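Worksheet for the structure shown next.
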Number of protein chains: 2
Amino acid sequence: MSANSRLTIAAHALAWIGLYQRQGHEVATSEQIASSANTNPVVIRRLLGELRRAGLVESRRGVGAGWSLARELESMTLLDVYEAVEPGPLFAMHRTTPDQGCVVGHGIQPAMQCIYEGIEETVRHELARVTLANVLRDVLAAPR
Amino acid sequence: MSANSRLTIAAHALAWIGLYQRQGHEVATSEQIASSANTNPVVIRRLLGELRRAGLVESRRGVGAGWSLARELESMTLLDVYEAVEPGPLFAMHRTTPDQGCVVGHGIQPAMQCIYEGIEETVRHELARVTLANVLRDVLAAPR
DNA sequence: GGGTGTCGTAACAATTATTGTTGCGACTGC
DNA sequence: GCAGTCGCAACAATAATTGTTACGACACCC
């Protein structure tokens, strides 16, 4: 199992801020978002910090501080979020370099690398097709 | 970073066995493969055990024992290998269930689930396009 | 029948990445 | 000055994978 839910939590946070702003509020606090996502506020701040670096959200400090969207949800795709919060590739190579004296050990990494890059490109393409506005719409469409 | 190189190692092992058999040998030992992949024989046995359960390889015991392909490399795709060695989904949900009393917390999982399933399906499709014979060919084509 | 080499598997340690938690300084509006 | 929130560092907790050791099971060979 891929043990990282960073993309999921980041999308959750963005959808939450987006909805909150639609309801007329200026900013959302990390504590509110953390409560909705059932996690710790620091986890949210860390993730939102990365999204801020990518230009997707802004933060204010002081009393009445919090987070707001830097762009419309319509102009944000899951690929933007993915690139902001996921550091590495989808599939990993050997953790130790294989035996370069062996034909297979020598050729396997470039061969797999090439295949993996193609797949990652496809995934990126799929992620780019979904905007955060789409996500929020689907969230609100869930039956209760 | 996705910390698991299982698919990579499994492809390495299959390519190694395939090449070894093309050179006229009957079976390959986990120690030979481990030496090429620069890892421990037990790691290889564990992976090959999962591939055996999926019907991709066979093993013999006793003196002169080892591993052999159960099917031609041409008829094996990376998807077969992926399904044999990767237990979970590509993207994970929240590790704790979000606040079901919150609209976003309630709707986020079905929304993301749906998106993720589409992407996984695409990845599977891509993996199914590559046979292990393709991989071995690319491995041998690597410049040295 | 015993010796040998290899798989099969369990148990546990080591490593790595992520997530959770605490603490405290910085900033801003009142 | 006070209160509320972010920013960030440090560290613990958790989980998954990988590495290692150990030993029994099995089959071939003599």
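So you know, we letter chains A, B, ... as the sequences are listed, proteins then strands, and number each from 1. Being a predicted model, the structure only gives us computed values, none of them experimental.
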### Task
State which residues pass salt bridge (Lys or Arg N to Asp or Glu O under 4.0 Å) with Asp138(B); sequence neighbours excluded, sorted by chain then number.
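Not a single residue meets the salt bridge (Lys or Arg N to Asp or Glu O under 4.0 Å) criterion with Asp138(B).
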Measure the distance from [atom1] on [X] to [atom2] on [N] and round it to the nearest whole Å.
X	N	atom1	atom2	result
Glu31(B)	dT4(C)	CD	P	17 Å
Asn40(A)	dT22(C)	CG	P	8 Å
Leu47(A)	dT19(C)	CG	P	7 Å
Glu50(A)	dC6(D)	CD	C1'	16 Å
Asn4(B)	dT15(C)	CG	C1'	15 Å
Leu51(B)	dG8(C)	CG	P	12 Å
Asn38(A)	dT19(C)	CG	C1'	13 Å
Arg95(B)	dA17(C)	CZ	P	15 Å

### Task
Decide yes or no on side-chain contact (heavy atoms from CB on, under 4.5 Å) for Asn4(B) and Glu86(B), but give the supporting numbers first.
CA-CA 9 Å; Asn4(B) 77 340; Glu86(B) 293 282 358; 2.8 Å; yes
### Message
Would you say CD of Glu31(A) has more than 12 non-hydrogen atoms from neighbouring residues, nucleotides or ligands within 6.0 angstrom?
### Response
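Count not over threshold, so no.
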### Task
Decide if atom CZ of Arg129(A) counts as having more than 12 heavy atoms of other residues, nucleotides or ligands within a radius under 6.0 Å.
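Count not over threshold, so no.
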### Task
With Gln32(A) as reference, evaluate Tyr20(A), Trp67(A), Trp16(A) under the side-chain hydrogen bond (donor to acceptor under 3.5 Å, both in side chains) test and give the passing residue.
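With Gln32(A) as partner, side-chain hydrogen bond (donor to acceptor under 3.5 Å, both in side chains) holds for just one option, Tyr20(A).
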Give a yes/no answer on whether the side chain of [X] brings an N or O atom under 4.0 Å of OP1 or OP2 in [N].
X	N	answer
Thr39(B)	dG19(D)	yes
Thr29(B)	dG5(C)	no
Arg6(A)	dT19(C)	yes
Arg52(A)	dG7(D)	yes

### Query
So what is the end-to-end bend of the helix from dG1(C)-dC30(D) to dC30(C)-dG1(D), with 5 pairs used at each end and the value given to 10 degrees?
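About 10°, once rounded to a multiple of 10°.
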### Ser36(A)-His12(A) side chain donor-acceptor pair, cut-off 3.5 Å
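Yes - a donor-acceptor pair under 3.5 Å links their side chains.
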### Query
Is it true that the side chains of Ser30(A) and Arg45(A) contain a donor and an acceptor less than 3.5 Å apart?
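Short answer, yes.
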### Message
Is there, by distance only and without an angle test, a donor paired with an acceptor across the side chain of Arg46(B) and the base of dG19(D) below 3.5 Å?
### Response
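Answer is yes: a donor-acceptor pair is held.
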#### Entry: Residue closer to the 5' end of DNA chain C, Arg45(B) versus Pro41(A) (nearest nucleotide)
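With Pro41(A) and Arg45(B) compared, the 5'-side residue is Arg45(B).
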#### Entry: 5′-ward residue of the pair Val42(B)/Thr96(B) relative to DNA chain C
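Result of the comparison: Val42(B).
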### Message
Mind checking if Gly66(B) touches a base, just sugar-phosphate, or nothing, with heavy atoms under 4.0 Å?
### Response
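If one applies the 4.0 Å heavy-atom cut-off, Gly66(B) turns out to touch the sugar-phosphate alone, with no base involved.
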### Task
Indicate the ring-plane relationship of Tyr82(A) and Phe91(B), choosing parallel, tilted or perpendicular according to the 30° and 60° boundaries.
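Geometry flag for Phe91(B) against Tyr82(A): perpendicular rings.
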### Query
What residues in residues 55-63 of chain B put a non-hydrogen atom under 4.0 Å from any atom of DNA chain C?
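Here the set is Ser59(B), Arg60(B), Arg61(B), Gly62(B), Val63(B).
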### Query
Is Arg46(B) close to Val43(B) at the side-chain level, that is, under 4.5 Å between some pair of heavy atoms?
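Yes - at least one pair of side-chain heavy atoms lies under 4.5 Å apart.
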### Query
Only one of Thr131(A), Leu14(A), Leu132(A) clears side-chain contact (heavy atoms from CB on, under 4.5 Å) with Leu78(A); which?
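Exactly one option meets the side-chain contact (heavy atoms from CB on, under 4.5 Å) with Leu78(A), and it is Leu132(A).
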